Amino acid sequence: MKKLEEVFETWEAVIGLEIHAELTTLNTKMFCGCKLEFGAEPNTHTCPVCLGLPGALPVPNKAAIESIVLAGLATNCDIEKHSMFYRKNYMYPDMAKNFQTTQGPVAFCMRGHLDLDVDGPAARERYRLDDLGVGESDGNITRTEDGYVAHVGITRIHMEEDAGKMVHVGGGEGRIAGATHSLVDYNRAGTPLIELVTEPDLRTPEEARLFMQKLRQIYLAIGISDCSMEEGSLRCDGNVSLRRRGAKEFGTKTELKNMNSFKNLHDGLAYEICRQAEVLEEGGVIYQETRHWDPSAKRTIVMRVKETADDYRLFPEPDLAPYDLTDAFIERVRAKLPELPDQKARRFEEAFGLSAYDARHLVEHRETSRFFEACMEAAGGEAAKLAKPVANLIINDVTAYLNAEGVALAATPLSPARAVELVRLQASDAISSKQARQVFAAVLAEDKDPEAIVEERGMKQVSDTGAIEAVVAEVIAANPDEVARYKDGNTKVIGFFVGQCMKKMRGQGNPKVINELLARRLAE
Ligand code: ADP
Ligand code: ZN
Ligand code: MG
C-alpha cells in the first residue's frame, strides 16, 4: 500500500465525524428516574421505562436538554426552539423497547462550527499547504504563520439515548462469534446521549483528531460529560471517502467504528484512505459499508453493509410532546456557559503576553491551564515577566513528565510556588538552564523546594563579574596562540575560551557573563 502522502498526490480525502457523548455528569437517565452510574452491578439501575415494559411512559430529563443546548451554544450552533423526538426502530436485545428514542430532521442544535488551529507536524499532512501565503485562504482553510486554521461545519447535535450493554460468553475475547450465550446489562439503557455530526469538511486524519480533541476540551469545560474514550462515554465514528484532486463530486464513503482513542481515530482513517486508494487505483469500487479498525493488526475489516434510513422506519414518538423551548430557557442556559478553551487562550495571550501557540497548548488540559493561572498568581508582580518561562516549563518539562509517569499534576510534588521559584532562579541567572532541568527533576524526585536543592548541591551559578573576570584573565594569559588566532579574525575560537573558563569554574560560571567578558577582553 502507498503511504498517505503519496496517496494525497492523486487523491483528496473527505472526512466527516459522528461523535457520541454520554451525559455522564447528570444524575438520572433520559426518560426515567433511574440512576446513572458506570460500573454498577448489572441490571441494578432499571425500571419499566428503560426496560421497555408495556404501558410505561417516558418523561424527558430537563437537565439533559440543558446540557445539549449548552453543547450547541459552545459550538456556535443555532438552537432550534421547535423540535421533537422520533422512534428509530430496530430489533436487538440491547434495546428492550425495540426502538431508540432519537431526534428527527430538526435537532436541538443545528448549523454550528469549530475553527481548528492546525500547526506543527499536524499541518504537514495537508497537501501542498505551502502553495498558500500567510493569510491566504483556500476553501475552508486559511494559512497562518506555522500552519493553518480550518473552519469545520457542524451539521447538528441531536439528543438520543444509549442502548444496554451485551456481554457475549464462551467465544473468544467477548466476541459474539463462537459464544454460547449472551448477557444483557440494561444499566446503560436510556443513558442520555448527544450525537454531533460534522459536515464532510475535514481533509486529513490530523484534522479529524484535532476536531475530536477540541470538542472533548469544550465538553469537559462545560461539564456535560467525563468524555472518557476508554470507558466509551465519548465515541467517534469516522466517515471517509476519496475523490481525485480537482473533482467536485464526493466518492462513496466507508464508516469506521471503534475509534476509542485519538490515535486510533487518526491511524484508522490514515489506513482506510490508503486502502481505498489502492482499491480505486486497481479499478475496484468502494462499497458503502461499516468497517472496524483493528489497531493491533493495523487494518480495517468489514463489519456490515450500511443500513438505509428506511430500515429504521423512523417515525414521530407519540408518547412525547414536541418541544417548544422558550427564549428565557435558552438565555438561562447561555448564562451558564463558562469560559471556553479558545476564550481562555485569548485571555492568556492578552493578560500575560503569551504567544498564541503557548496559550493554546496551556488550555489543552484543564489541569495545566489551572496550574498556569495558579503560577501567575504566585508570581505576583512578576507575573508578566515570568509568564513565558513558566508556560515553557509547563508545556515542555511538566507535560513530558506527566505523560511519562502517567500521573496527575496535582499528585506530584510540584506546586505552583515551586514552579515559579524554579523559573525565577533561572530567570535571575542564579542557575543555568541545564541546572534548572536538574533542579526540576530533583523537586519531583525528592519533594523539596528548588532553593533548598540549589543550596544543598552548591549549584549556584557564578554570575559575579569579579570572580569570572579573574578566570577570564587567567585563561587568556595561558593561551597566547589562541588569542592570536582570534585577533586574526578567527572568532570561532571564542568557544574554546568559554570551554576553558567553564572548566576552571567547574561548570558553575554563567555562560552569558563569560561570553560577554571574553568578547570584551579579547577585543582590547
Ligand atoms: P449516512 O446517511 O450514511 O449516515 P450522512 O449524510 O448522515 O450519512 O453523514 C454521516 C457523516 O458522514 C457526516 O459526518 C457527513 O459529513 C459524512 N459524510 C457524508 N458523505 C460523505 C462522503 N462522501 N465522504 C465522507 N464523509 C461523508
Ligand atoms: Zn429506568
Ligand atoms: Mg446519518
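In listed order, ligands and their atoms are each counted from 1. Model, not experiment: these values are computed from the prediction.
Of the polar atoms of G251, at least one N or O is found under 3.5 Å from an N or O of ligand 1, judged by distance alone. Checking only distances, K253 does come within under 3.5 Å of ligand 1, N or O to N or O. Here's the thing with P200: one of its N/O atoms is less than 3.5 angstrom from an N/O atom of ligand 1.
Of all atoms in ligand 1, listed by their number and element, those nearer than 4.0 Å to a heavy atom of G16 are 14 (O), 16 (O), 17 (C), 26 (N). For ligand 1 and V197, the ligand atoms under 4.0 Å from any heavy atom of the residue are 13 (C), 14 (O). Those atoms of ligand 1 that come under 4.0 Å of a heavy atom in E199, given as number and element, are 16 (O). Residue-ligand proximity, F250 to ligand 1, at heavy-atom distances under 4.0 Å covers atoms 23 (N). Atoms of ligand 1 lying under 4.0 Å from any heavy atom of Q288, numbered from 1 in the order shown and given with element: 3 (O).
Annotation: salt bridge (Lys or Arg N to Asp or Glu O under 4.0 Å) contacts involving residues 195-205, sequence neighbours excluded, comprise E12-R203.
With waters neither drawn nor counted, the protein N/O/S atoms under 2.8 Å from the Zn ion (ligand 2) amount to 4.
Residue F85 is tested with F315, F99, F31 for a ring pair (Phe, Tyr, Trp, His ring centres under 6.0 Å); the sole match is F31. Across I224, L70, L23, a single residue satisfies side-chain contact (heavy atoms from CB on, under 4.5 Å) together with Y219, and that is I224.
Neither the backbone nor the side chain of E255 comes within contact range of ligand 1; no heavy atom lies under 4.0 Å. In L17, the part holding a heavy atom less than 4.0 Å from any atom of ligand 1 is the backbone. If you look at N239 next to ligand 1, the close heavy atoms, those under 4.0 Å, come from the backbone and the side chain alike.
Heavy atoms only, all atoms of each residue included: P192 and M159 are closest at CB-CE, 3.9 Å. Between T28 and C32 the shortest heavy-atom distance is CB-O, 4.0 Å.
Under the 6.0 Å cut-off for aromatic ring centres, Y357 and H361 qualify, their centroids lying closer than that.
Judged by distance alone, the side chains of S241 and T252 never bring a donor and an acceptor atom under 3.5 Å apart. In summary, the side chains of D94 and Y90 do present a donor paired with an acceptor at a separation below 3.5 Å, with no hydrogens or angles considered.
Checked against side-chain hydrogen bond (donor to acceptor under 3.5 Å, both in side chains), D397 has no partners two or more places apart in sequence or in another chain. Listed by chain and residue number, nothing satisfies the ring-ring contact (aromatic ring centres under 6.0 Å, His included) test with H365 (two or more places apart in sequence, or in another chain).
Between K2 and E278 there is no salt bridge, since no side-chain N of the basic residue sits under 4.0 Å from a carboxylate O of the acidic one.
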